[in-house]
Amino acid sequence: METKKVWFVTGASKGLGFELVKKLLSDGYKVAATSRTVTSLTDAFGEVSESFLPLSMNITDNNDVKSALDKTVGHFGNIDVIVNNAGYGQLGTLEELSDAEARANFDVNVFGTLNVIRNAMPYLRRQKSGNIFNISSVGGYYGGFPGWGVYCSTKFAVAGFTEALAEEARDFGIHATVVYPAYFRTDFLTKDSVKTPENSIEAYEAARNSEKAHLDEINGNQPNDPEKAADVLIQISKEENPPVHLLLGVGAPEFLNNKIEAITKDAKNWEDLTLSTGI
């Protein structure tokens with residue numbers, strides 16, 4: 001009989017995190033779910049129980065994150081799967097976004113995820129097992145979207161440190177996977193979720209067109225189902241040798257191919273100069 005694992009899911013009040021928690025609870029798993037407000041979780045999933053622990057957590061506060069993980073282990077006795085899903089999209093060209101706007105996106109998407117990893121690893125190391133899923137984006141390996149530079153760079157960072165984490169954690173029986181979702185039909189692109197630049201520069205026509213397309217046209221018409229994404233993550237958590245890189249959803253391979261083709265083309269076109277530096 002399968003032993004049901006204990007999951008810790010951040011950003012669980014909406015989007016992929018919401019669908020994952022819903023699926024986990026319906027399948028009999030034990031789940032600690034975090035959000036900025038605990039009522040958003042209890043309204044959706046109910047009060048504290050033997051199988052569910054809703055937690056308010058400020059992901060940018062290391063001490064708050066540590067407290068949430070301690071409470072999880074105190075409630076369930078252990079922790080098996082970490083899903084770093086909390087994050088938000090920040091629109092705006094690099095010139096438009098202020099230092100404060102850029103840093104805020106990194107604080108949540110990058111340093112918040114690192115806070116969770118830092119405080120979860122001692123538990124996982126002691127039990128010599130566990131899975132860590134860090135949710136990136138197709139924008140974490142292909143950044144050619146005008147007006148998404150800061151957001152994509154946060155997701156590139158997530159991909160980069162997950163690769164390192166996979167090597168660091170391997171000797172302890174812990175698996176780390178970076179997940180690259182394509183467009184899923186969640187509220188990620190709604191005007192209440194994605195942030196736009198406080199001071200836009202209209203000269204950036206391509207960025208404005210991209211912004212309009214994402215908010216007005218792509219939003220609500222994404223080709224992928226978040227409930228099916230939840231099924232995939234649960235399946236991967238059961239694998240003996242899960243992937244370090246997990247492309248997720250229709251469209252994800254195409255973005256990867258575009259990136260590979262672009263790098264390969266530049267590498268071939270400039271190979272003479274690349275190799276000209278040898279002694």
Side-chain angles (χ1 to χ4, degrees), residues 10-11 14-17 59-60 84-114 133-163 178-224 226 229 245-263 265-266:
T10 72
K14 60 176 69 173
L16 176 59
I59 199 167
T60 65
N84 282 305
N85 175 69
Y88 69 92
Q90 175 67 65
L91 276 164
T93 66
L94 299 185
E95 181 185 356
E96 288 172 321
L97 292 181
S98 66
D99 179 75
E101 288 172 301
R103 286 178 184 273
N105 206 205
F106 270 84
D107 280 344
V108 173
N109 294 5
V110 177
F111 295 107
T113 298
L114 289 173
F133 292 101
N134 294 329
I135 308 300
S136 179
S137 164
V138 291
Y141 59 77
Y142 182 79
F145 304 98
W148 289 92
V150 165
Y151 172 75
C152 286
S153 65
T154 69
K155 295 305 185 177
F156 267 72
V158 170
F161 66 62
T162 303
E163 290 183 354
V178 54
V179 182
Y180 302 99
Y183 290 109
F184 277 81
R185 199 164 298 180
T186 68
D187 53 6
F188 174 77
L189 289 175
T190 61
K191 291 180 172 63
D192 292 334
S193 295
V194 70
K195 294 189 177 181
T196 54
E198 293 179 2
N199 297 297
S200 62
I201 301 172
E202 291 307 313
Y204 284 105
E205 184 177 355
R208 295 291 80 74
N209 290 339
S210 175
E211 179 180 313
K212 186 178 189 304
H214 280 84
L215 298 181
D216 299 338
E217 298 168 23
I218 297 174
N219 181 40
N221 296 302
Q222 297 95 323
N224 291 293
H245 301 273
L246 177 64
L247 274 64
L248 193 59
V250 174
E254 285 76 6
F255 285 113
L256 177 63
N257 291 337
N258 290 342
K259 179 61 177 281
I260 292 172
E261 289 175 5
I263 293 179
K265 180 180 178 181
D266 282 347

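Side chains are part of it too, since the values below use all heavy atoms of this structure and drop only hydrogens, waters and symmetry mates.
- Of all non-hydrogen atoms in G89 and V194, the two that sit nearest each other are O-CG2, 3.3 Å.
- With a 4.5 Å cut-off on side-chain heavy atoms, V158 and T162 count as touching.
- With sequence neighbours excluded, no residue satisfies side chain to side chain donor-acceptor pair (under 3.5 Å) with T196.
- In this structure, A182 and G251 approach most closely via the heavy-atom pair CB-C, 4.2 Å.
- When all heavy atoms of V178 and A159 are compared, the pair lying nearest together is CG2-CA, 3.8 Å.
- Counting heavy atoms from C-beta outward, F145 and C152 have side chains that approach closer than 4.5 Å.
- Residues passing the side chain to side chain donor-acceptor pair (under 3.5 Å) test with S200 are E202, sequence neighbours excluded.
- Using a 4.5 Å heavy-atom threshold, the side chains of N134 and V179 count as separate.
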Indicate every side-chain donor-acceptor pair of residues 105-114 with a distance under 3.5 Å to a residue at least two apart or in another chain.
residue : atom : partner : partner atom : Å
N105    : ND2  : Y88     : O            : 3.1
N109    : OD1  : Y88     : N            : 3.1
N109    : ND2  : Y88     : O            : 3.1
N109    : ND2  : T154    : OG1          : 3.2
T113    : OG1  : N109    : O            : 3.1

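- To the nearest 0.5 angstrom, L248 atom CG is 11.5 Å from S136 atom OG.
- Under the rule for a side chain to side chain contact (heavy atoms under 4.5 Å, CB included), the partners of E198 that lie at least two apart in sequence or sit in another chain are E101.
- Residues W148 and L91 meet the side-chain proximity criterion, which asks for heavy atoms closer than 4.5 Å.
- The minimum heavy-atom distance between G11 and N85, with the atom names listed, is O-ND2, 2.9 Å.
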Identify each donor-acceptor pair in which a side-chain atom of residues 253-260 lies under 3.5 Å from a protein atom, sequence neighbours left out, and give them as a table.
residue : atom : partner : partner atom : Å
N257    : ND2  : P253    : O            : 3.4
N258    : ND2  : E254    : O            : 3.4
K259    : NZ   : Y141    : O            : 2.7

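- With sequence neighbours left out, the side chain to side chain contact (heavy atoms under 4.5 Å, CB included) criterion links S137 to Y151, K155.
- At least one side-chain heavy atom of Q90 sits under 4.5 Å from a side-chain heavy atom of L97.
- Taking the salt bridge (charged side-chain N to carboxylate O under 4.0 Å, His left out) definition, one finds that E96 meets it with R208, sequence neighbours left out.
- Within the 3.5 Å criterion, the main-chain N or O of A86 finds a donor-acceptor partner in the side chain of T10.
- Residues satisfying the side chain to side chain donor-acceptor pair (under 3.5 Å) criterion with N199, sequence neighbours excluded, are absent altogether.
- Residues A207 and T93 share a closest heavy-atom pair of CB-CG2, 3.5 Å.
- Closest of all the heavy-atom pairs between P146 and A206 is CG-O, 4.0 Å.
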Could you walk me through whether L16 and I135 pass side chain to side chain contact (heavy atoms under 4.5 Å, CB included), step by step? CA-CA 10 Å; L16 176 59; I135 308 300; 4.3 Å; yes

